[in-house]
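Presented below is the structure to which this report refers.
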Protein chains: 2
Amino acid sequence: MQMSLQEMKQIFLMIKNIDRHVTQYFEKRTGISLTRYEILYKLLEKGQLSQMKLRHELKIDQAAVTRHLKILEEETYVIRHRNEQNNREVIVQITEAGKDILDNCDLDKNRFMDEMFGSFTEQELKQLQILVKKFESEAEKLKS
Amino acid sequence: MQMSLQEMKQIFLMIKNIDRHVTQYFEKRTGISLTRYEILYKLLEKGQLSQMKLRHELKIDQAAVTRHLKILEEETYVIRHRNEQNNREVIVQITEAGKDILDNCDLDKNRFMDEMFGSFTEQELKQLQILVKKFESEAEKLKS
DNA sequence: GCATTATAATTGACGAGTCAACGATTGATT
DNA sequence: AATCAATCGTTGACTCGTCAATTATAATGC
């Protein structure tokens, strides 16, 4: 019994819906946008990054990166300076204030994850992870 | 072996990524936005709907519904008129032109689905559907 | 019957991403 | 060395969604 096109389309709509809810709720919970949280997290993890690297880590448009960093800089969570070795690049670093904020968020984040995934069994979570990963890689192939 | 918070967060980011790719590519392929496609589809399916009903079918904000319908109306894919029994409501109907567009899209849509899900086995697809559905229902609970 | 409350739709202001155009810097070719 | 191409970042214009305020209509209570 094959899955109908209708059902496939339904999967897209559910994905959309999940994204909206999660994004909104994460921000409400932690006080920071999911994307900006992720930027800070990557910076903490990797030390410092050029905006290009950040763009590839996050898989969003450069323009969006620029704008997020502008906000994070105004909030003093991040410092930017040109790369002396290559003046085209801007190197981004997380500040102490930025690290503090990340720590702060983590409590809320953890509770958030619990609410979100609490009703999944380990087995289901693993499955979900695998399938979503596959789904993502298919979606990325569409680029063209 | 428990799944880490890091991995859970990763799932959100993948969802985001999938949504962006799918939405963009669907539109490029079919020439119509996924949401507006869905509006037309619902109208075809249910005959006619009030904007409120549409809002609940699509699970998006009323404001967004109003704006999409304004566009669809300008494109003559849809007709709107006040409900005589309740002048607060606006009743929306799909036009012949709207139906034609839907038909047109379907070919592209089907090819699109193929590209997207072609590499999934029946089994995987079913699993994906079930897990995403569960995920969605958890996400919707967050509302509060 | 009139005031209050609830429901529908619209509008404006916002946030997040996209794309396309632009500027500045670097690298390559000749 | 001078031009031409490629890379990185910024900006403006756009889409799609959210929320909050507003308007218009209907329903309810006294």
Side-chain angles (χ1 to χ4, degrees), chain A residues 12-13 15-28 31-39 49-75 78 80-92 139 142-144, chain B residues 12-13 15-28 31-39 49-75 78 80-92 139 142-144:
Chain A
F12 294 151
L13 299 174
I15 292 278
K16 239 186 203 329
N17 199 16
I18 292 166
D19 179 40
R20 278 199 308 269
H21 277 97
V22 165
T23 301
Q24 251 183 284
Y25 200 65
F26 183 93
E27 181 159 0
K28 191 180 292 178
I32 188 171
S33 96
L34 182 49
T35 301
R36 282 200 282 279
Y37 175 90
E38 196 52 24
I39 290 178
L49 289 168
S50 70
Q51 293 193 191
M52 252 304 136
K53 292 262 177 61
L54 222 32
R55 155 177 152 57
H56 288 118
E57 293 282 342
L58 299 175
K59 296 174 179 166
I60 59 175
D61 199 275
Q62 292 111 315
V65 173
T66 294
R67 282 166 187 138
H68 281 302
L69 288 175
K70 200 177 153 212
I71 293 170
L72 286 171
E73 197 175 33
E74 280 166 7
E75 293 171 331
V78 128
R80 294 195 292 166
H81 52 84
R82 292 263 161 198
N83 180 359
E84 294 303 325
Q85 270 68 55
N86 180 349
N87 267 290
R88 284 173 302 191
E89 280 187 357
V90 172
I91 302 295
V92 190
L142 297 178
K143 265 179 186 165
S144 83
Chain B
F12 294 151
L13 299 174
I15 292 278
K16 238 186 203 330
N17 200 15
I18 292 167
D19 179 40
R20 279 199 308 268
H21 278 97
V22 165
T23 301
Q24 252 182 285
Y25 200 67
F26 183 94
E27 181 158 2
K28 191 180 292 178
I32 188 172
S33 98
L34 182 50
T35 302
R36 284 199 283 278
Y37 176 91
E38 197 53 25
I39 290 177
L49 289 169
S50 70
Q51 293 193 188
M52 253 303 138
K53 292 262 177 63
L54 222 31
R55 154 177 152 58
H56 289 118
E57 292 282 342
L58 299 176
K59 297 174 178 165
I60 58 175
D61 199 274
Q62 292 112 314
V65 172
T66 294
R67 282 166 187 137
H68 281 303
L69 288 175
K70 199 177 154 213
I71 293 171
L72 287 170
E73 196 174 34
E74 280 167 6
E75 293 172 330
V78 128
R80 295 192 294 165
H81 52 84
R82 294 262 161 199
N83 180 357
E84 293 304 324
Q85 269 68 54
N86 180 348
N87 267 290
R88 286 175 300 189
E89 280 186 356
V90 172
I91 302 295
V92 191
L142 298 177
K143 264 178 185 166
S144 82

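Since the model is a prediction, treat every value here as computed from it, not as a measurement. Chain letters run A, B, ... following the sequence lines, proteins first, then strands; residues in each count from 1.
- At least one donor-acceptor pair under 3.5 Å links the side chain of R20(B) to the backbone N or O of K59(A).
- For the helix from dG1(C)-dC30(D) to dT30(C)-dA1(D), the angle separating the two terminal helix axes comes to 0°, with each axis derived from five pairs and the value rounded to 10°.
- Annotation: salt bridge (Lys or Arg N to Asp or Glu O under 4.0 Å) contacts of E89(B) (sequence neighbours excluded): none.
- You'll find that the side chain of R88(A) is closest to dA24(C), out of dA9(C), dG17(D), dA24(C).
- If H68(A) and E89(B) are placed on DNA chain C by their nearest nucleotide, the residue sitting closer to the 5' end is E89(B).
- For M52(B), the listed nucleotide lying nearest its side chain is dA8(C); candidates were dC19(C), dT18(D), dA8(C).
- In this structure, of dT10(D), dA26(D), dA16(C), it is dT10(D) that holds the atom nearest to the side chain of Q51(A).
- T23(B) comes within 4.0 angstrom of no nucleic acid atom, judged by non-hydrogen atoms across all strands.
- Of the residues in residues 55-65 of chain B, those with a non-hydrogen atom less than 4.0 angstrom from any atom of DNA chain D are I60(B), D61(B), A63(B), A64(B).
- Residue T66(A) places at least one side-chain N or O closer than 4.0 Å to OP1 or OP2 of dT10(D).
- When heavy atoms are screened at a 4.0 angstrom cut-off, R67(B) is found touching base atoms of the nucleic acid.
- Here R80(A) reaches the OP1 or OP2 of dT10(D): one of its side-chain N or O atoms lies under 4.0 Å away.
- Which of dA16(C), dA9(C), dT10(C) sits closest to the side chain of E27(A) comes down to dA16(C).
- Considering only side-chain atoms of N87(B), the nucleotide from dG17(C), dC16(D), dA26(D) that sits closest is dA26(D).
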Side chain to side chain contact (heavy atoms under 4.5 Å, CB included) between I15(A) and I15(B), intermediate numbers included: CA-CA 6 Å; I15(A) 292 278; I15(B) 292 278; 3.7 Å; yes
